[in-house]
Amino acid sequence: MNINFGLNLVQEQKLIMTQEMQMSVKLLQMSAYELGQYVNKEMQENPVLEEKDIQSNKSKSNDTNDYKEIIKYLDKDDYKVKNYAVKNDNEEVSPFYYIAQEKSLKDYLKEQIGELNEKSEIIEICKYMAENLDTKGYLSGELSDICKELGISREKAETALDIFQALDPEGIGARNLRECLKIQLNNQGIDDDNIYLIIDDYLELLAENKYNDIAKELKVKISDAQKYGDIIKNLEPKPSRGFYTGEIVKYIVPDAYISKIDDQYFISMNEDVLPKLNINTLYKEIIKDEKDVEAVEYVKDKLNSAMFLIKSIEQRKNTVYRVLEEILAVQREYFDIGEEYLKPMTLKKIADNVEMHESTISRAIREKYVSINNGKVIKIKDLFTNGIASIAGGEDISTTNIKKIIKEMVDNEDQKKPLSDQIICNRLNTEGMNISRRTVAKYREELEIKSSSKRKRF
């Protein structure tokens, strides 16, 4: 065995992400709402940052002079920001677009419980049940556990449960899916034994649309089995649907507005997303006081952080603007006419056109929205789609439009003889789209459309 010790000089390239680079990337991929939350948090933690008073021209002028005086103590880091359009506060714009928080399911139930004409003990048990619902609206745990925790009899618990399960929405307080469905059938006055038998024993077959098997088990016609299935499928398996249950509420705030004036489009960045950031000029005095070295270093550190944040926000805005500019150039017909004119467009195509990396484009469009001319708010990512080659050799056709055509075919098919993937494929090929049966099946599944055998009506 030969062991040698020696020094070797090896040259290799490495990209080391500095903290500043990591933060810049993090800010770029934040949604407008997330960025607003982050900036507000930074303003609370960094005393050097403050919100600019945009109403006072005098303070603006003074801020600029003081700002120049402050940054001479920092490393020079000149940068240019594109002179993009911004929304003027006086312009008439659509109101903030966001999804309002839904009404709390627990609050809704407690309102009903408060109106019950029952003994106070039963009302308290019902309130306890409302607090122990899961995100689906089912009652967590066993009834025996509730009896132990509250120190009540089984009889009182069952009485309270019957009252609780009679509340709106239907199916609330069920312990499982089967009980949830049965509660709704009872409320609707449906007492056909076959439907209850399907729920008890054949839900798996129903999920697979195996009506032949269900009909044999129940000794009924296939068409009758399908009618039972239709009734069950119209029930709500998740009573909490439509109510806020403690899950994250996503707020939609557009990063920009695209407006058409005459025959020209203008991109306006949404300046209402963030507070107008400024450097608090009071801290320049601390920097001038060179005796207190510790305080000077602390302020310099905070100033560096503040300056970097302001610079990164401007760079983020600039990047999003440039990406939107290029999207607008590629998808002009989409903005002019509508969704059917959406062209195939990939991250690589936009990245090449604006001379950025694909990963930068991906981060720049992540969870970002834009308000277009008619007030509609769209997700920027939805404008990116691959294409299918045209048989005639013309322009590629976007997958979004192909999916739309597939859905229209299925919506208009004869339900007794639903279209197979191969038939859909043949029709699309006839219309000049070079697509395979396997791709049709993939798009159908993405549209959550069942196979032809499961769509068949008897």
Side-chain angles (χ1 to χ4, degrees), residues 136 177 181 198 202-215 222-223 225-238 241-242 250 330-331 333-334 337-349 362 365-367 376 378-458:
K136 292 180 182 177
L177 174 60
L181 299 176
I198 292 172
Y202 307 122
L203 272 186
E204 289 76 15
L205 293 177
L206 180 60
E208 294 295 319
N209 278 18
K210 293 183 177 178
Y211 292 113
N212 281 314
D213 295 343
I214 293 172
I222 296 176
S223 58
Q226 193 165 55
K227 286 176 184 174
Y228 292 141
D230 290 344
I231 293 171
I232 294 170
K233 286 182 179 182
N234 281 326
L235 301 175
E236 176 55 72
K238 187 178 176 182
R241 199 187 306 275
K250 280 194 174 182
V330 174
Q331 301 289 5
E333 286 184 320
Y334 165 83
I337 306 170
E339 192 174 338
E340 61 271 23
Y341 285 86
L342 186 67
K343 293 180 180 178
M345 182 177 71
T346 61
L347 291 174
K348 186 178 186 309
K349 181 176 182 177
S362 177
I365 66 171
R366 178 197 169 272
E367 291 299 317
K376 181 182 178 183
I378 58 172
K379 198 171 188 176
I380 299 175
K381 191 177 180 181
D382 291 343
L383 298 175
F384 287 79
T385 176
N386 292 320
I388 294 292
S390 170
I391 292 174
E395 280 193 355
D396 289 354
I397 304 158
S398 76
T399 54
T400 302
N401 287 331
I402 293 173
K403 287 180 183 179
K404 188 177 178 183
I405 294 168
I406 292 172
K407 187 175 185 311
E408 286 173 355
M409 285 185 182
V410 171
D411 288 343
N412 295 317
E413 71 186 0
D414 181 353
Q415 292 185 339
K416 292 181 181 179
K417 295 179 180 179
L419 302 173
S420 67
D421 292 339
Q422 188 60 57
I423 292 173
I424 293 173
C425 173
N426 293 342
R427 288 189 183 179
L428 291 172
N429 286 334
T430 303
E431 293 179 20
M433 300 170 210
N434 189 14
I435 190 169
S436 67
R437 185 202 60 78
R438 186 177 295 177
T439 305
V440 169
K442 176 189 169 186
Y443 291 169
R444 173 180 55 73
E445 288 169 3
E446 287 175 1
L447 289 166
E448 297 184 351
I449 296 173
K450 294 177 180 176
S451 64
S452 56
S453 62
K454 295 178 181 178
R455 299 199 308 271
K456 186 175 181 180
R457 303 294 301 170
F458 296 94

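What's counted below: heavy atoms across the whole structure, side chains too, no hydrogens, waters or symmetry copies.
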Verdict with supporting geometry, R366 and K381, side chain to side chain contact (heavy atoms under 4.5 Å, CB included): CA-CA 7 Å; R366 178 197 169 272; K381 191 177 180 181; over 6 Å; no

Check against side chain to side chain donor-acceptor pair (under 3.5 Å), S398 and T385: CA-CA 6 Å; S398 76; T385 176; 4.7 Å; no

Derivation of the salt bridge (charged side-chain N to carboxylate O under 4.0 Å, His left out) call for E367 and K379: CA-CA 7 Å; E367 291 299 317; K379 198 171 188 176; 3.4 Å; yes

Worked verdict on D414 versus R457 for salt bridge (charged side-chain N to carboxylate O under 4.0 Å, His left out): CA-CA 9 Å; D414 181 353; R457 303 294 301 170; over 6 Å; no

Derivation of the side chain to side chain contact (heavy atoms under 4.5 Å, CB included) call for I405 and R427: CA-CA 10 Å; I405 294 168; R427 288 189 183 179; over 6 Å; no

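Judged purely by distance below 3.5 Å, without hydrogens or angles, the side chains of K233 and N209 pair a donor atom with an acceptor atom. Defined by atom type and a distance below 3.5 Å, a donor-acceptor pair is present between the side-chain atoms of N426 and Q422. Side-chain contact check for S451 and S453: at least one donor-acceptor pair (N or O, by modelled atom type) lies under 3.5 Å.
A donor-acceptor pair is defined here as one N or O able to donate and one able to accept, closer than 3.5 Å; such a pair exists between the side chain of R455 and the backbone of K450. Without hydrogens or angle criteria, Q226 side chain to K456 main chain gives a donor-acceptor distance under 3.5 Å. In terms of modelled atom types and a separation under 3.5 Å, the side chain of E413 and the main chain of L419 share a donor-acceptor contact.
A heavy-atom distance below 4.5 Å is not found between the side chains of F384 and T346. Using a 4.5 Å heavy-atom cutoff, the side chains of L203 and L177 are in contact. Residues I378 and Y334 are in side-chain contact: their nearest non-hydrogen atoms beyond the backbone lie under 4.5 Å apart. Using a 4.5 Å heavy-atom cutoff, the side chains of V410 and I424 are in contact. Contact check for L347 versus I365: side-chain heavy atoms found under the 4.5 Å cut-off. With a 4.5 Å cut-off on side-chain heavy atoms, K404 and K407 do not count as touching.
The nearest pair of heavy atoms linking I214 to L205 is CG1-CB, 3.8 Å. Minimum interatomic distance between M433 and I402 (heavy atoms only, all atoms of both residues): SD-CG1, 4.0 Å. Minimum heavy-atom separation, K343 to V330: CD-O, 3.7 Å. The minimum heavy-atom distance linking Y341 with Q331 is given by the pair O-OE1, 4.2 Å. Of all heavy-atom pairs spanning L383 and M345, the tightest one is O-CE, 3.1 Å.
Annotation: side-chain hydrogen bond (donor to acceptor under 3.5 Å, both in side chains) contacts of E431 (sequence neighbours excluded): none. Listed by chain and number, the residues in a side-chain hydrogen bond (donor to acceptor under 3.5 Å, both in side chains) with S452 amount to none (sequence neighbours excluded).
Once rounded to the nearest 0.5 Å, the distance linking CD1 of I397 with CG of N434 reads 9.5 Å. With values rounded to the nearest 0.5 angstrom, Y443 atom OH is found 13.0 Å from D421 atom CG. With values rounded to the nearest 0.5 angstrom, I231 atom CD1 is found 9.0 Å from I198 atom CD1. From D213, atom CG reaches atom CD1 of I222 across 9.5 Å, with rounding to the nearest 0.5 Å. Distance check, rounded to the nearest 0.5 Å: OG1 of T399 to CD1 of I406 gives 10.0 Å.
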Below 3.5 Å, can you tabulate the donor-acceptor pairs from side chains in residues 435-442 to any protein atom, sequence neighbours excluded?
residue : atom : partner : partner atom : Å
S436    : OG   : T439    : N            : 3.2
S436    : OG   : T439    : OG1          : 2.9

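Within 6.0 Å of CD in Q415 there are 12 or fewer heavy atoms belonging to other residues, nucleotides or ligands. Summarising the local packing, NZ of K210 is surrounded by 12 or fewer heavy atoms from other residues, nucleotides or ligands at distances under 6.0 Å.
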